[in-house]
Amino acid sequence: MRIKEALMIAGLLMWGSGAALAQINVESKTPRATAKEVYFYGYPAVEMYKTLYAQAVDKGGPNYKAPFNTIGNTASVFTPQDTAIITPNSDTPYSFAWLDLRAEPIVLTLPAIEDNRYYSVQLIDLYTHNLGYLGTRTTGNKGGKFLIAGPGWKGVKPEGVDQVIRTETNIVYALYRTQLFDEQDLNRVKEIQASYAVQPLQAFAGQPAVPTRTVEWPKPIEGMSDSPALIRYLNFLLGFAPTDPSETTLMKRFAQIGVGPGLPFDEAKLSKAQAEIINEGFADGKAEFATFKKTKVDTHQIDSGSFFGTRKHLKNNYLYRYAGANMGIFGNSKNEAMYMGYFVDAAGKPADASINKYTVHFIKGGLPPAGAFWSLTMYDAKSKLLIDNPLNRYLINSQMLNSLKPGKDGGITLYVQHDSPGKDLESNWLPAPNGPFFGVLRIYMPKPEALNGHWKLPPLTSAQ
């Protein structure tokens, strides 16, 4: 046993600012191992907080959308200049609503839309669980009124509300997606977005809204998700998230290194030994994830559907929840959308357009089986953002099929490379950066053959 860990077990090290002596039971996991657990557990919430702060708190910031309990609409698709969300899709203009449920529930109103258009509201709690969905797949395209209630609400479904959805955290992210067919369709998307409504329950009933206690939202800092500062932000966020019964023992163990709802923690006051243990635990987590990604994710042995969903679906698998947040936070649950990544080529080598040119070939009748639509989007491997390119093309999707040139076999070949494949093939060109990249194939409302694995993702094949 390392000397500093033995000291901690003896309760000789102080954790955080003003925290009690850490009493580590000799039968418990070591502080370093607990720090690794904390890293997996806390990273998704802290990453989520960056978006919360940018969109709902930082009014002077470039990514601000709307205050809490108010909807903000983006009447355009994402471009490389949008940096608040990594791996965004550019098929569906977004609407955003951060819901503060501490004082009272919030009612979301959806309009009726065309039967052939996809829309959805993804409801995400502070742990990044997808707690529920509204829209095409779940509630249809006829619209409706839906009440989102926090853990402390004891009421019953009010008159005029179609459904009550309960959440285990007092902060919820409502992320709207409205399908855009083409540039000429943008005005219709704006009309739909203007019909989305977000109201506190009392306001919905024609009464004054219940006042909400003011919160001092801590400003994000660089490296907050990968350094001991993660614990400070996590402790703040846990104040909005009552401990789930399944995590009571876990939280007791976490408390031994200063983690818990509202516990004071100041990373600047850690001793050198304390900071080292936390950093080593976090590094262990990063190393485990890197191996997991290389051996399980990149090889498609485990798909993204394992990483996004309810607490019941994830079964408190914190590595999986971390993987989802790390590779594409706010990803959809599998029944809503499937995500398949092109991180390596057919030979298992990392995708890099400065070295190779690539193709993806869909055989005749072998396009992605989508109940709504599919899309293949290109991202820079380092920033995880969209790519500037001369065509301003960030994806190829099912709405573009009429403009794609089929091959002699009747199939479709996409050219994934940095330079143009030539004017005659440019319709099928998905521009890549001059360096490492990855692509994400999204299948919205996947059909059974996609869900059961009968349909296979065609490989990314090097042309050199």
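Count residues from 1 along the sequence.
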Do the ring centers of Y94 and F78 come within less than 6.0 Å of each other? yes

Between F265 and F236, ring centroids under 6.0 Å: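 Not under 6.0 Å, so no.
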
Show, in sequence, the C-alpha distance, side-chain angles and deciding distance for Y39 and Y322, and conclude whether the ring pair (Phe, Tyr, Trp, His ring centres under 6.0 Å) test is met. CA-CA 9 Å; Y39 178 62; Y322 170 90; 5.1 Å; yes

Single hit among Y119, F181, Y444 for ring pair (Phe, Tyr, Trp, His ring centres under 6.0 Å) with F373: Y444

For a ring pair (Phe, Tyr, Trp, His ring centres under 6.0 Å) with F240, tell me which candidate from F68, W217, Y49 qualifies. W217

Could you check whether R321 makes a cation-pi contact with Y127, meaning its NZ or CZ is under 6.0 Å from the centre of the six-membered ring and within 45° of the ring axis?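 The answer is no, since R321 fails at least one limit relative to Y127.
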
If you draw the axis of the six-membered ring of F343, does the NZ or CZ of K293 fall within 45° of it and under 6.0 Å from the ring centre? yes

Is it true that [Y] and [X] share a donor-acceptor pair across their side chains at a distance under 3.5 Å?
| X | Y | answer |
| --- | --- | --- |
| T212 | D100 | no |
| T178 | Y176 | no |
| D244 | S246 | yes |

Evaluate salt bridge (charged side-chain N to carboxylate O under 4.0 Å, His left out) for K382 paired with D380, printing each intermediate quantity in order. CA-CA 6 Å; K382 296 177 181 178; D380 180 272; over 6 Å; no

Within 6.0 Å of CD in Q301, more than 12 heavy atoms from elsewhere: yes

More than 12 non-hydrogen atoms from neighbouring residues, nucleotides or ligands closer than 6.0 Å to NZ on K252, yes or no? no

Where D352 and P436 come nearest, the two heavy atoms and their spacing: OD1-N, 3.6 Å

If we only count heavy atoms from C-beta on, is the [X] to [Y] side-chain gap below 4.5 Å?
| X | Y | value |
| --- | --- | --- |
| K286 | D226 | yes |
| N332 | R137 | no |
| I278 | L230 | no |
| W98 | T51 | yes |
| P158 | L201 | yes |
| Q122 | N130 | yes |
| Q179 | T136 | no |
| M251 | L238 | yes |

Side chain of [X], backbone of [Y]: donor and acceptor closer than 3.5 Å?
| X | Y | answer |
| --- | --- | --- |
| Y342 | P459 | no |
| N317 | L314 | no |
| T70 | A66 | no |

Between side-chain atoms of residues 108-116 and protein atoms elsewhere (two or more places apart, or another chain), which donor-acceptor pairs fall under 3.5 Å?
residue : atom : partner : partner atom : Å
E114    : OE1  : R117    : NE           : 3.1
E114    : OE2  : R117    : NH2          : 3.3
E114    : OE2  : R188    : NE           : 2.8

Distance check, rounded to the nearest 0.5 Å: [X] atom [atom1] versus [Y] atom [atom2]?
| X | Y | atom1 | atom2 | answer |
| --- | --- | --- | --- | --- |
| I396 | S403 | CD1 | OG | 8.0 Å |
| L376 | M340 | CG | CE | 12.0 Å |
| F330 | I124 | CZ | CD1 | 5.5 Å |
| L404 | N397 | CG | CG | 9.0 Å |

For F308 and H313, what are the C-alpha separation, side-chain angles and deciding distance, and is it a side chain to side chain contact (heavy atoms under 4.5 Å, CB included)? CA-CA 8 Å; F308 303 106; H313 171 76; over 6 Å; no

Can you say whether the rings of W374 and F362 are parallel (under 30°), tilted (30 to 60°) or perpendicular (over 60°)?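 If you compare the ring of W374 with that of F362, the planes turn out tilted.
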
Ring pair (Phe, Tyr, Trp, His ring centres under 6.0 Å) between F96 and Y196, worked out: CA-CA 10 Å; F96 316 84; Y196 295 142; over 10 Å; no

Could you walk me through whether F40 and F289 satisfy the ring pair (Phe, Tyr, Trp, His ring centres under 6.0 Å) test, starting with their C-alpha distance in whole Å, then the side-chain angles of each, then the deciding distance to 0.1 Å, before giving a yes or no? CA-CA 9 Å; F40 283 153; F289 169 69; 7.8 Å; no

List for me each residue that meets side-chain contact (heavy atoms from CB on, under 4.5 Å) alongside K50, sequence neighbours excluded, and say none if there are none. E47, M224, S225

Could you go step by step and tell me if R311 and E247 meet the salt bridge (charged side-chain N to carboxylate O under 4.0 Å, His left out) rule? CA-CA 11 Å; R311 180 184 291 278; E247 295 182 338; 2.8 Å; yes

